Enquirer: 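Sharing a structure below in structure tokens format, with a few things to ask.
What you are looking at is a predicted structure, and each value in this text was computed from that prediction instead of being measured. Positions are given from 1, in the same order as the sequence printed here.
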Amino acid sequence: MFPRLQYLSVNRSGLLIGVASVLAGTSVLLVVLGAVYNLLIAIFAIPFGAAAYLLWMDATGRIQMRFRAKKRRTPPPGGRTARTEQSRDRSWDQRTPQPQREQPSQSKARRVLGVGPEADQAEIRSAYRDRVKEVHPDAKNGDEESFKQVSQAYDRLRE
């Protein structure tokens with residue numbers, strides 16, 4: 001590629017935006033003149049405005065993005081895309097019932113949280129928060145199974 005042509009391709013978007021600005025200014029001027037003198041003059045602003053808009057769209061790359069988006073939307077000949085396969089997999093996961101974990105008894109839930117039988121909701125919530133900080137999987141000595149047990153115990157005592 002010639003160096004001079006390469007320079008033109010690099011500054012193409014700046015040049016197009018400049019030309020679009022001039023055309024937009026011309027269309028605004030024609031609209032103002034049409035409003036002041038004769039409405040027939042304002043009709044000539046339409047092609048200048050349309051050209052300015054199209055040049056601006058080309059310079060900013062929005063035309064190319066729009067065509068790329070249309071290409072992605074058209075399904076392949078088989079009719080299935082990766083996106084439809086993913087959504088189909090997700091919908092299958094939602095339909096399969098998750099195994100329900102057995103709720104602990106009231107006494108076991110109180111033992112897990114370390115509260116007595118006379119504890120009110122504020123004490124239970126406080127004990128739950130303290131215990132979760134200890135057993136959370138992201139904590140230093142955290143364990144996922146213990147975290148699940150604490151969460152289930154809190155759910156049981158909250159009911």
Enquirer: Leu33, Phe48: one ILVMFWY side-chain cluster at the under-4.5 Å cut-off?
Expert: yes

Enquirer: Working to the nearest 0.5 Å, report the span between CD1 of Ile124 and CZ of Arg129.
Expert: 13.0 Å

Enquirer: Report the distance from atom OG of Ser151 to atom CZ of Arg158, rounding to the nearest 0.5 Å.
Expert: 9.5 Å

Enquirer: If I compare all heavy atoms of Ala20 with all of Trp56, which pair ends up nearest, and what's the gap?
Expert: CB-N, 3.9 Å

Enquirer: For Ser126 and Ala122, indicate whether the former's side chain and the latter's backbone hold a donor-acceptor pair under 3.5 Å.
Expert: no

Enquirer: Can Val22 be reached from Leu55 by stepping across I, L, V, M, F, W or Y side chains whose heavy atoms are under 4.5 Å apart?
Expert: no

Enquirer: Return the minimal non-hydrogen interatomic distance between Phe147 and Val132, and the atom names on each side.
Expert: CE1-CG1, 3.7 Å

Enquirer: Search all heavy atoms of Leu113 against all heavy atoms of Tyr128 and return the closest pair with its distance.
Expert: CD2-CA, 3.9 Å

Enquirer: Where do Gln106 and Leu157 land on the side chain to side chain contact (heavy atoms under 4.5 Å, CB included) test, with the steps shown first?
Expert: CA-CA 7 Å; Gln106 286 270 348; Leu157 293 177; 3.2 Å; yes

Enquirer: Using modelled atom types only, decide if a donor and an acceptor are shared between the side chain of Arg156 and the backbone of Pro104 within a distance under 3.5 Å.
Expert: yes

Enquirer: For residues Arg131 and Val150, report the shortest heavy-atom separation together with the two atoms involved.
Expert: CG-CG2, 3.5 Å

Enquirer: Check Asp120 against Glu123 and note the closest heavy-atom contact, atom names and distance.
Expert: OD1-CG, 3.0 Å

Enquirer: Can you check whether Val115's main-chain N or O pairs, donor with acceptor, with Arg110's side chain at less than 3.5 Å?
Expert: no

Enquirer: Are Tyr37 and Ile43 grouped together when hydrophobic residues (ILVMFWY) are joined by side-chain heavy atoms under 4.5 angstrom apart?
Expert: no

Enquirer: I want to check something: taking the side chain as every heavy atom from C-beta on, are Leu30 and Ile41 in contact at a cut-off of under 4.5 Å?
Expert: yes

Enquirer: Salt bridge check, Glu145 against Lys148: does any charged N sit closer than 4.0 Å to a carboxylate O?
Expert: no

